[in-house]
Amino acid sequence: MTAMTTRTVEYPADGLTMIGHLAVPAGSDRRPAVLLGPEGMGLSDVERRRADALAELGYVAMAFDLHGGRYLGDPEEMLARCLPLLADPDRMRDIGRAALGALRAESRTDPARIAALGYGTGGAIALELGRAGADLRAIGTVNATTTGRPGEAARIRCPVWAGVGSEDPIMPPARRDAFTAEMRAAGVDWRLTVYGGALHAFHHPPVDHPTVPGVAYHPRHARRAWRDVVDLLAECLPVTE
């Protein structure tokens with residue numbers, strides 16, 4: 001583990017002023033970097049702590065914002081914003097590109113060594129960055145076995161790892177099958193991990209507000225999914241090359 005510092009980063013996207021959380025390891029050299037996207041509720045301390053943990057491993061890490069500094073704890077409000085967003089690949093790409101630009105602007109970031117990770121809506125945005133041809137070393141998602149427009153997955157230039165709960169009603173087997181078919185057809189280096197018995201957002205600790213149906217925390221699989229994320233980075237984006 002290495003010491004690190006944190007700060008907020010403001011940048012424009014989707015007609016809003018986004019407020020990301022940047023965590024930077026100690027030192028002055030350029031480091032590999034990780035863009036980290038949140039679930040549909042938006043940026044919370046869960047993602048901030050994950051960015052901090054990545055910085056302690058030696059990465060520059062930025063947890064990006066979805067809602068202009070707001071956390072949408074009301075499920076109806078969250079769905080009203082996220083469902084149209086998830087149906088609009090270009091809008092997702094614009095949000096992802098803006099966050100990626102803010103991460104690249106950090107002087108400690110090595111622009112040739114960046115990975116994109118995301119959970120739920122944030123994971124869908126990470127995948128759309130890949131489908132747009134972004135220069136990434138890896139893409140990792142949890143709860144985001146989403147498909148894109150036909151043929152665009154061929155632009156993905158890095159390995160893709162996806163994790164999903166076997167009982168997730170929001171990402172059911174049919175959606176998983178469509179995702180894997182898209183990856184196969186595009187010739188992507190892809191992996192899918194199915195966590196037995198887990199529902200949607202199984203990685204996210206319990207929250208003190210209502211959630212959409214089919215959401216439940218699974219501590220054991222949450223730990224396993226984090227290890228899988230760290231292993232993906234160690235393989236595709238090692239701290240020391």
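- For the pair D135 and I114, the minimum side-chain heavy-atom distance is 4.5 Å or more.
- Side-chain contact, T180 with W190: no donor N or O sits under 3.5 Å from an acceptor N or O.
- Going from atom OG1 of T6 over to atom CZ of R49 covers 13.0 Å, rounded to the nearest 0.5 Å.
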Donor-acceptor pairs under 3.5 Å, side chain of residues 121-134 to any protein atom, not counting sequence neighbours: which ones?
{"residue": "E128", "atom": "OE1", "partner": "R93", "partner atom": "NE", "Å": "2.9"}
{"residue": "E128", "atom": "OE1", "partner": "R93", "partner atom": "NH2", "Å": "3.0"}
{"residue": "E128", "atom": "OE2", "partner": "R131", "partner atom": "NH1", "Å": "2.8"}
{"residue": "R131", "atom": "NE", "partner": "E182", "partner atom": "OE2", "Å": "3.1"}
{"residue": "R131", "atom": "NH2", "partner": "T146", "partner atom": "O", "Å": "2.7"}
{"residue": "R131", "atom": "NH2", "partner": "E182", "partner atom": "OE1", "Å": "2.9"}

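- Residue L100 is grouped with residue F64 when hydrophobic side chains (ILVMFWY) are merged at heavy-atom distances under 4.5 angstrom, including chains of intermediate members.
- Considering every non-hydrogen atom in both G165 and F202, the closest pair reads N-CE2, 3.8 Å.
- A single hydrophobic cluster is not seen to contain both L136 and L117; linkage of ILVMFWY side chains at heavy-atom distances under 4.5 Å, directly or through other members, places them apart.
- The minimum heavy-atom distance between P75 and P210, with the atom names listed, is CG-O, 3.4 Å.
- Taking CZ of R137 as the start and CZ of R157 as the end, the distance is 11.0 Å to the nearest 0.5 Å.
- W161 and Y59 fall within the same hydrophobic cluster, where Ile, Leu, Val, Met, Phe, Trp and Tyr residues are linked whenever their side-chain heavy atoms come under 4.5 Å apart, directly or through other members.
- Residues Y71 and I19 do not share a hydrophobic cluster, clusters being chains of Ile/Leu/Val/Met/Phe/Trp/Tyr side chains in contact below 4.5 Å.
- Separating the CD1 atom in I95 from the CE atom in M18 is a distance of 5.0 Å, to the nearest 0.5 Å.
- Results of the side-chain contact (heavy atoms from CB on, under 4.5 Å) test with H21 over D65, D52, D45 single out D52 as the only residue that passes.
- No side-chain heavy atom of V142 sits under 4.5 Å from any side-chain heavy atom of H204.
- In this structure, S166 contributes its side chain and G197 its backbone to a donor-acceptor pair below 3.5 Å.
- Within 6.0 Å of CZ on R220 lie no more than 12 heavy atoms contributed by other residues, nucleotides or ligands.
- Among pairs with a residue in residues 11-34, those fulfilling salt bridge (charged side-chain N to carboxylate O under 4.0 Å, His left out) read D14-R81, D14-R91, D29-R31, D29-R108, at least two apart in sequence or across chains.
- Under the 4.5 Å side-chain heavy-atom criterion for Ile, Leu, Val, Met, Phe, Trp and Tyr, L22 and L16 are members of the same hydrophobic cluster.
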Quiz item: Should M92 and L85 be marked as a side chain to side chain contact (heavy atoms under 4.5 Å, CB included) after you check the CA-CA gap, both sets of side-chain angles, and the distance that decides it?
Solution: CA-CA 6 Å; M92 283 194 284; L85 174 60; 3.8 Å; yes
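- At least one donor-acceptor pair under 3.5 Å links the side chain of E47 to the backbone N or O of S44.
- Shown here for T109 and L103, the closest heavy-atom pair between the two residues is OG1-O, 2.9 Å.
- Closest non-hydrogen pair, A162 versus T145, comes out as CB-CG2, 4.3 Å.
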Indicate every side-chain donor-acceptor pair of residues 222-239 with a distance under 3.5 Å to a residue at least two apart or in another chain.
{"residue": "R224", "atom": "NH1", "partner": "H221", "partner atom": "ND1", "Å": "3.3"}
{"residue": "D228", "atom": "OD2", "partner": "Y195", "partner atom": "OH", "Å": "2.5"}
{"residue": "E235", "atom": "OE1", "partner": "R191", "partner atom": "NH2", "Å": "3.4"}

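- Taking each heavy atom of C158 and V188 in turn, the nearest pair found is O-CG1, 4.1 Å.
- The side-chain heavy atoms of M78 and V212, taken from C-beta on, include a pair separated by under 4.5 Å.
- For A55, the side-chain contact (heavy atoms from CB on, under 4.5 Å) test picks out M4, A23, P25, with sequence neighbours left out.
- Side-chain contact between F179 and V160 is present, with at least one heavy-atom pair separated by less than 4.5 Å.
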Please tabulate, for the side chains in residues 34-42, all donor-acceptor contacts under 3.5 angstrom to protein atoms that are two or more places apart in sequence or on a different chain.
{"residue": "E39", "atom": "OE2", "partner": "N143", "partner atom": "ND2", "Å": "2.8"}
{"residue": "E39", "atom": "OE2", "partner": "H203", "partner atom": "NE2", "Å": "2.7"}

I'd like a table of donor-acceptor pairs (distance under 3.5 Å, sequence neighbours excluded) in which one partner is a side-chain atom from residues 169-178, with atom names and distances.
none

